[in-house]
Trainee: 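Quick one: the structure is below, questions incoming.
The chains referred to below are lettered A, B, ... by the order of the sequence lines, with proteins before strands, and numbering in each begins at 1.
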2 protein chains.
Amino acid sequence: MQREEAMKDLLAIEQRLVPDLVDMMKKRFQILRKLYDLQPVGRRTLAQVMDTTERILRAEVDFLKEQGLVAVDSAGMRLTPLGESLLEALGEVMGILDGRADLERELRRVLGVKAVRVVAGDVDEAPDVKRELGFVTARFLREILRPGDVVAVTGGTTVAAVAGQMPVFHPGNVLVVPARGGVGERVEYQANTIAADLAEKLGGQYLLFHLPDRLSEEAYRSLAGEPQIAEKLRRIRRAGIVIHGIGQAIAMARRRNLPPEEIAVLEARGAVGEAFGYYFDREGRIVYQQHTLGLRLDDLGGMRSVIAVAGGRSKAGAITAVARAVAPHMLITDEGAARMILAAHRQDTGEEPVERPTPHGAR
Amino acid sequence: MQREEAMKDLLAIEQRLVPDLVDMMKKRFQILRKLYDLQPVGRRTLAQVMDTTERILRAEVDFLKEQGLVAVDSAGMRLTPLGESLLEALGEVMGILDGRADLERELRRVLGVKAVRVVAGDVDEAPDVKRELGFVTARFLREILRPGDVVAVTGGTTVAAVAGQMPVFHPGNVLVVPARGGVGERVEYQANTIAADLAEKLGGQYLLFHLPDRLSEEAYRSLAGEPQIAEKLRRIRRAGIVIHGIGQAIAMARRRNLPPEEIAVLEARGAVGEAFGYYFDREGRIVYQQHTLGLRLDDLGGMRSVIAVAGGRSKAGAITAVARAVAPHMLITDEGAARMILAAHRQDTGEEPVERPTPHGAR
DNA sequence: TCTTTCGGGACATTATATGTCCCGGATGTG
DNA sequence: CACATCCGGGACATATAATGTCCCGAAAGA
């Protein structure tokens, strides 16, 4: 397993420094694999089977031949002994590379989420992984952003990482808003601050939304009637995209200074995850709702993209609960959380993991 | 050390499958490294320092910026925290990649050889490594071959691997000759056979040179006077390039069925290496000469390229002896032999290994 | 014997890479 | 404070590489 960890580390470096390297390696692996299966085979036939063009395949084959991996004669192309041993060695590498893809597919199935991205590592073990979550989320946001979009963000260190890692990108006329009124946290992790940071990166505008904490429900309702507050709420609820973090229910309740008796209620009801001020049990059912103003769960349904970002094996239960409740379009998590979620699922359901059939005896 | 082995294995795969991209990784490492040293620095300055053009550097920097590794502002470019941590992680990887380069430089110094290529592995441990020696030697030969060249080859399994791995390549009008008259070995490892195989790959011609074994010195001298034999010797000695193997002296003597009293003489005189029928002690001094006809040691001096190819830790002593005696222009060996040669040298001279100063605490 | 598939050659078209220059802005120095 | 230098980003012309498509003779298969 140490061997696999070492290879993973190297592949992670390469994916950041020369992503083309990893892609090209996969491509050539596919060519070698398919060639092995069909040999002896001609260029046009193989190109057709692999859904590429004859010229592109010829270039690849010329290279593989030059490297001593492929032999060609009038009957067609075959792998050389060296090519076969390299193919065998590659099985192990591809197993590692495709491992992440497997996790993503399994999480989509188990959580009922449309899209999943898994980054290497575990936030609980290496804080850098949170930055990586931010990096991947930021680039996904850039992919989907359109001029005129309203983007809502929640607070927390993970969403702060998204703003921190966002590349400068000006789609035009973007508004960034906090998902909820300011809640008591370090200022840099508050939704207001994150909204401002993100807006700056996007060359857009931001809305600040300050509210006092822990008012009664009637007090909040009264505030909501104030024209200025109402207008801000209107703009916030116009968001087409939301990026939100996920909290562990009890930890979050404590951080929010909920009274002990309310925390006791949460525990009694089996709360495990929190998002948007809602507390969910492991099945995704709302078991508590914190009073505040901002985005409501119902508002998410009309959005183009709901992006959940959270990692760390300790948050696996929370992620599962919130994902089931919120059904985000995209979940971005890390490998530590992903494995824990799937392990818990197997424990709950007795499902056996589907081992990936890898070529040529990969370990 | 297991970690390093795993990374080495993966890098070896990549160097064969995506060599250009491994080079790109090295290049980007150099850029990150130099940028780290000089930051904040502008593009033109860095391009100058790194002996490249402003446009090429801009392309690289744009990419590194996109990957979150570099930050740019009006004062110049700097590494981001992520860039710094990647640079640190790369130290270990570059240590592995450049390890071979270090070995090559050390061998050049210790053996007094002009050029050295070291391939991964140890022939003694993995027979595939011999094929790799053949692969690298064949491609070196292709680099230096010119139309009209005469190439001499010795016998043995390693030189046979060169012919086996030689890509088809027709420089024109090439003659391949055996370095010496046929000596008793399996026919496919005889210089005659190897000459024929290589000639076929090169679209050239070959010369066969059969001689009976173990004649007296006078008998060989008499044969050398025969017009046909003399003509062949003339053509053989016209060789501009020779590819020769290296044998362990005593093992070779036994294989050549030398009488026990002659083997005792070899042992008494400290023979360790054999090439071209000459037996050398560890300092490279001739301690015995086998009677035969073909290339003499003196003939090598006028050649454009003398290529020695041998591997395996068990041949380290032989390689050292022959390299010192023959002073090949190019030595192609494996890592097992290289490390053993350098370890023996340290033991002999008390030299401490010069640790490569690697950046950022690479292990 | 005929048909199909083969690798290799070739050329036109498209895409990418590269060299070079220049702009306004920021920084450093006197 | 003014001037010189260096900065990143923009831009365009040129060079190089990649790709699509077609065709040849040879070999293999039916």
Trainee: I want to confirm an ordering. Mapping B/R55 and A/R43 to their closest nucleotides on DNA chain D, which one lands closer to the 5' end?
Mentor: B/R55

Trainee: Supply the atom-to-atom distance A/I13 CD1 to B/M7 CE, rounded to the nearest 0.5 angstrom.
Mentor: 5.5 Å

Trainee: When you check the gap from the basic side-chain N to the acidic O, do A/D102 and A/R105 get nearer than 4.0 Å?
Mentor: yes

Trainee: Does the ring of A/F135 carry A/R139 above it, NZ/CZ under 6.0 angstrom from centre and within 45° of its axis?
Mentor: yes

Trainee: Kindly compute the distance separating CE (B/M50) from CG (B/L38), expressed to the nearest 0.5 Å.
Mentor: 9.5 Å

Trainee: Nearest 0.5 Å, please: how far is CD in A/E54 from CZ in A/R43?
Mentor: 4.0 Å

Trainee: On DNA chain D, check which nucleotide each of B/L46 and B/R58 is closest to and give me the residue with the more 5' one.
Mentor: B/L46

Trainee: Quickly work out the B/E60 CD to D/dG8 C1' distance and round it to whole Å.
Mentor: 17 Å

Trainee: Polar pairs (N or O, both sides) under 3.5 Å between protein and nucleotides 27-30 of chain D?
Mentor:
| residue | atom | partner | partner atom | Å |
| --- | --- | --- | --- | --- |
| D/dA27 | O3' | A/S74 | OG | 2.8 |

Trainee: Which residue in the set B/L21, B/L11, B/L90 passes side chain to side chain contact (heavy atoms under 4.5 Å, CB included) when paired with A/E14?
Mentor: B/L11

Trainee: Checking B/R28 against B/F63: charged group under 6.0 Å from the ring centre and within 45 degrees of the axis?
Mentor: yes

Trainee: Please report the distance, rounded to the nearest Å, between CD in A/E54 and C1' in D/dC24.
Mentor: 13 Å

Trainee: In whole angstrom, what separates A/R44's CZ from D/dT19's C1'?
Mentor: 15 Å

Trainee: Of all nucleotides in DNA chain C with an atom under 4.0 Å from a non-hydrogen atom of chain B, which is the first and which the last going 5' to 3'?
Mentor: C/dT18 to C/dT27

Trainee: For B/S85, check side-chain contact (heavy atoms from CB on, under 4.5 Å) against everything at least two apart and list the hits.
Mentor: A/D128, A/R131, B/L82

Trainee: Rounded to the nearest angstrom, tell me the gap between atom CG in A/D62 and atom P in D/dA18.
Mentor: 12 Å

